[in-house]
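Scope of the values below: all heavy atoms of this structure, side chains included, with no hydrogens, waters or symmetry mates. So you know, we letter chains A, B, ... as the sequences are listed, proteins then strands, and number each from 1.
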Amino acid sequence: MAPQTRGMSFPKVLIERESDTEESSSEEEEVEEDEDEGENDVGEESNEEHVEEKDEPSTSTKSRRKPITISLKKVCKVCKKPGHEAGFRGATYIDCPMKPCFLCKMPGHTTMSCPHRVATEFGVAPAPCKTVRSTLQYVFERQIRCQISAIRPAFVIPNKVDCAVIRYHSRRITCLEFHPTRNNILLSGDKKGQLGVWDYEKAYEKTVYGNIHDCILNNMKFNPLNDGTVYGASSDGTASCTDLETGISSTLVNLNPNGWQGPNSWRMLYGLDMNYEKGILLAADNFGLLYMVDARSNNVIGKPVLIHKKGSKVTGLNCHPLQPDLLLSCGNDHFARIWDMRRLEAGSSIYDLPHKRVVNSAYFSPHSGSKILTTSQDNRLRVWDSIFGNLDTPSREIVHSHDFNRHLTPFRAEWDPKDVSESLVVVGRYISENYNGVALHPIDFIDVKTGQLVAEVMDPNITTISPVNKLHPRDDVLASGSSRSIFIWKPMDDSELKPQRDESRILQCGNGGKGRKGKFEDDDDDDFDNDPYGSKSSKTKKRHLKSKRKC
DNA sequence: ATGCAATGAGCCC
DNA sequence: TGGGCTCCCTTGCA
């Protein structure tokens with residue numbers, strides 16, 4: 001039997017549409033026409049449904065000449081057509097059949113019947129047969145890759161929440177970074193520009209610095225010369241260097257020295273990486289430009305270089321782990337590009353890797369740097385197996401649900417830095433599955449060698465999507481950011497999975513707001529008061545938000 | 001329980 | 001090229 005779906009009562013739906021002010025007049029007419037057509041030519045499906053006519057309440061009919069026809073027929077909220085309805089039935093989402101599959105984007109079937117839904121290896125496009133190999137690639141294959149395969153260990157999956165901070169940040173989490181030397185320190189950035197520093201082994205030792213950036217902290221990177229400081233790139237147009245002990249920050253780059261001059265000129269920094277060999281911090285903005293900063297003097301080097309389409313966002317930067325002259329970038333122009341740092345100028349990329357949509361992230365594999373992994377908004381992970389080989393087409397395309405949603409931090413598939421075989425990848429999943437009556441969004445572990453889903457981890461209490469995930473560089477630990485909360489996952493045997501989690505390791509933070517979903521909320525906070533909105537009136541909050549609108 | 005708003009990318013003209 | 005409109009599984013708050 002179908003569980004109750006919220007908002008299903010007919011009159012409410014209809015009244016809601018009636019009360020849509022400006023749009024309603026034209027839309028209603030359209031709906032009316034559609035329905036009339038539907039009545040005439042599709043009577044077969046909706047024959048039990050009734051079309052009723054109802055006069056508008058007298059108060060609002062003055063401006064309308066004729067009575068408004070209101071259908072009580074069920075209408076799909078996606079395509080506005082009768083005969084079916086998209087949306088949740090309990091914890092199961094029913095697709096609109098008129099739209100392409102929400103997962104693989106192909107027409108003709110829905111997500112429920114999509115072959116990629118069950119087994120991700122269906123999405124693997126076989127690598128093209130490469131008949132030509134460079135000498136370098138041959139040596140690599142013979143001397144390195146074969147060893148890697150031989151010593152490849154079983155994957156260790158952090159599958160149980162060990163500790164968490166609920167409502168740690170006052171806005172959604174946008175990036176996570178483990179401290180390079182202090183094992184239990186996790187840094188987190190949020191949409192408001194705040195920086196969290198948390199020792200998750202001493203769960204209560206956490207700080208949030210709120211005065212570093214004015215809006216979205218898009219990326220963070222450590223300086224290996226001084227791991228007491230961290231770099232940040234923000235949508236406020238600045239790149240920062242922050243002391244983790246004091247929270248004191250210096251601005252390395254400010255792209256908006258004259259302040260807010262309108263949305264067309266406001267510059268934001270997204271991509272960020274550190275070239276350790278050259279001692280250069282790299283940052284890129286929403287106009288396609290790359291900036292370089294000398295990490296010793298903190299001075300900007302040279303002029304910015306156009307590395308992606310003029311006026312388009314550069315979403316990510318990644319330096320090669322072994323070859324300091326190689327840089328990987330990706331952006332909203334649907335490309336990931338490989339660059340030679342010695343010859344950085346507009347149009348001089350070594351290779352352009354085309355995608356069908358925006359590329360959220362592009363990373364070299366963490367050890368050899370011979371592979372490239374990209375996450376694109378076309379719901380595909382792409383892997384190029386060898387940067388020495390044919391880069392014309394990706395070796396694999398893995399269909400995976402990580403759609404764009406303006407209210408979610410963009411998904412980024414990340415390599416497991418501990419996996420010497422360079423095949424394990426973690427990425428959050430957008431679409432939910434019905435797990436015992438609860439819609440959950442798992443975090444997926446994928447073997448990109450085969451395209452197979454190795455593991456999907458979830459917790460019945462985490463009902464929000466987890467787009468931000470980071471695997472620890474040394475420990476078997478996963479940190480995930482879901483909405484405003486952070487979760488630390490560790491591996492557990494099946495037997496250990498059965499007992500209830502130790503709730504004492506779940507910290508409650510924030511202003512205690514009650515979400516529509518989520519079960520961590522209770523009333524016994526607050527050990528944590530970094531949220532300046534907590535004590536403000538909603539009017540004050542709205543005013544404050546308006547002032548940040550540019551971000 | 002439900003309405004609403006925040007606000008990014010794509011597409012059309 | 002840029003403005004305006006639309007939008008499919010969000011989330012938190014009023």
Side-chain angles (χ1 to χ4, degrees), chain A residues 4-9 12-13 15-16 19-20 22-23 26-27 76-80 85-103 105 110-112 117 166-167 169-173 191-192 215-216 235 262-264 268 270 286 309-313 315 331-334 356-360 376-379 401-411 428-434 439-441 462-467 482-485 510-518 520-521 531 533-534 536-539 541-542 544-546 548-551:
Chain A
Q4 282 281 335
T5 305
R6 60 172 188 258
M8 286 284 285
S9 68
K12 281 183 182 168
V13 171
I15 288 164
E16 186 186 319
S19 63
D20 282 352
E22 306 94 308
E23 307 162 17
S26 59
E27 244 182 68
C76 173
K77 67 176 181 182
V78 176
C79 70
K80 312 288 189 289
E85 275 186 290
F88 275 105
R89 304 269 190 287
T92 304
Y93 191 90
I94 308 297
D95 264 6
C96 170
M98 308 302 283
K99 293 277 183 176
C101 171
F102 190 59
L103 174 54
K105 308 300 178 193
T110 64
T111 314
M112 290 295 278
R117 188 179 180 99
I166 309 304
R167 283 182 250 113
H169 284 263
S170 56
R171 289 289 181 275
R172 67 166 201 251
I173 286 159
K191 195 168 162 288
K192 213 172 150 192
C215 55
I216 315 175
S235 288
N264 295 335
M268 310 185 232
Y270 283 85
N286 58 327
K309 186 180 171 186
K310 189 182 173 186
S312 76
K313 187 193 293 179
T315 51
N332 276 23
D333 62 355
H334 301 188
K356 290 200 172 64
R357 296 280 171 183
V358 167
V359 190
N360 289 344
S376 171
Q377 291 182 5
D378 65 356
N379 264 2
S401 174
H402 49 254
D403 272 48
F404 168 78
N405 179 317
R406 66 185 144 162
H407 305 114
L408 297 174
T409 303
F411 290 82
R429 194 193 302 176
Y430 189 139
I431 54 171
S432 61
E433 292 284 349
N434 183 343
L440 299 178
H441 307 263
I462 308 175
T463 53
T464 47
I465 295 170
S466 305
S482 193
S483 185
R484 297 152 54 188
S485 306
N511 58 11
K514 300 279 187 288
R516 196 188 298 274
K517 299 191 285 186
F520 280 118
E521 285 88 349
D531 182 0
Y533 292 150
K536 287 183 181 173
S537 71
S538 61
K539 276 186 180 173
K541 188 192 293 185
K542 276 175 185 165
H544 188 82
L545 283 171
K546 260 192 168 172
K548 299 285 183 196
R549 193 176 43 204
K550 60 179 181 281
C551 295

**Request:** Report which part of the nucleic acid A:Asp403 touches: base, sugar-phosphate, or nothing (heavy-atom distance under 4.0 Å, all strands).
**Result:** nothing

**Message:** Rounded to whole Å, how long is the line connecting atom NZ of A:Lys80 with atom P of C:dC8?
**Reply:** 7 Å

**Request:** Give the rounded distance in Å between these two atoms: CE of A:Met98 and P of C:dC8.
**Result:** 13 Å

**Prompt:** Just by distance, do the side chain of A:Thr110 and the backbone of A:Pro97 share a donor-acceptor pair under 3.5 Å?
**Reply:** no

**Request:** Mind listing the closest non-hydrogen atom pair of A:Cys96 and A:Ala86 along with its distance?
**Result:** N-CB, 3.7 Å

**Prompt:** Which nucleotide in the list B:dG8, C:dT11, C:dC9 gets nearest to the side chain of A:Leu408?
**Reply:** C:dT11

**Request:** Would you please classify the geometry between the A:Phe411 ring and the A:His402 ring as parallel, tilted or perpendicular, with 30° and 60° separating the classes?
**Result:** tilted

**Fill in**
Of C:dT10, C:dC9, C:dC8, the nucleotide closest to the side chain of A:Lys99 is C:dC8

**Item:** Per A:Phe88 side chain, nearest of listed nucleotides B:dA9, C:dC9, C:dT11
**Value:** C:dC9

**Asked** Closest nucleotide of DNA chain B for A:Arg406 versus for A:Arg357: which of these residues is on the 5' side?
**Response** A:Arg406

**Prompt:** In terms of side-chain geometry, is the basic nitrogen of A:Arg357 or A:Asp403 positioned less than 4.0 Å from the acidic oxygen of its partner?
**Reply:** no

**Message:** Using a 4.0 Å heavy-atom cut-off, does A:Lys77 contact any base of the nucleic acid, only the sugar-phosphate backbone, or nothing at all?
**Reply:** nothing

**Selected nucleotide, minimal atom distance to A:Phe404 side chain, candidates C:dC13, B:dA9, C:dC8** = B:dA9

**Request:** Send over the distance from A:His169 NE2 to C:dT11 C1', rounded to a whole Å.
**Result:** 16 Å

**Request:** Just call it for A:Phe102: base, sugar-phosphate, or nothing, with non-hydrogen atoms closer than 4.0 Å on any strand.
**Result:** base

**Message:** When the P atoms of B:dC12 and C:dC8 are compared, how many Å lie between them, rounded to an integer?
**Reply:** 15 Å

**Prompt:** Touch check for A:Lys191, heavy atoms < 4.0 angstrom, all strands: base, sugar-phosphate only, or nothing?
**Reply:** sugar-phosphate

**Asked** So which one's nearest nucleotide on DNA chain C is more toward 5', A:Ser483 or A:Ile431?
**Response** A:Ile431

**Prompt:** Any side-chain N or O of A:Asn405 less than 4.0 Å from the OP1 or OP2 oxygen of C:dC7?
**Reply:** no

**Prompt:** Would you say the side-chain atoms of A:His169 pair up with the backbone N or O of A:Arg484, donor to acceptor, closer than 3.5 Å?
**Reply:** no

**Item:** Phosphate contact (C:dG12 OP1 or OP2) by A:His407 side-chain N/O below 4.0 Å
**Value:** no

**Request:** Write down the distance between NZ (A:Lys192) and C1' (C:dG12), rounded to a whole number of angstrom.
**Result:** 14 Å

**Upstream residue (5' side of DNA chain C) when A:Ser482 and A:Pro100 are each assigned their closest nucleotide** = A:Pro100

**Message:** Does A:Thr111 reach a base, just sugar-phosphate, or nothing at all? Heavy atoms under 4.0 Å.
**Reply:** base

**Distance below 4.0 Å between A:Arg172 side-chain N/O and B:dT7 OP1 or OP2** = no

**Request:** Starting at atom CD1 of A:Ile94, determine the distance to atom C1' of C:dC8, rounded to an integer number of angstrom.
**Result:** 13 Å

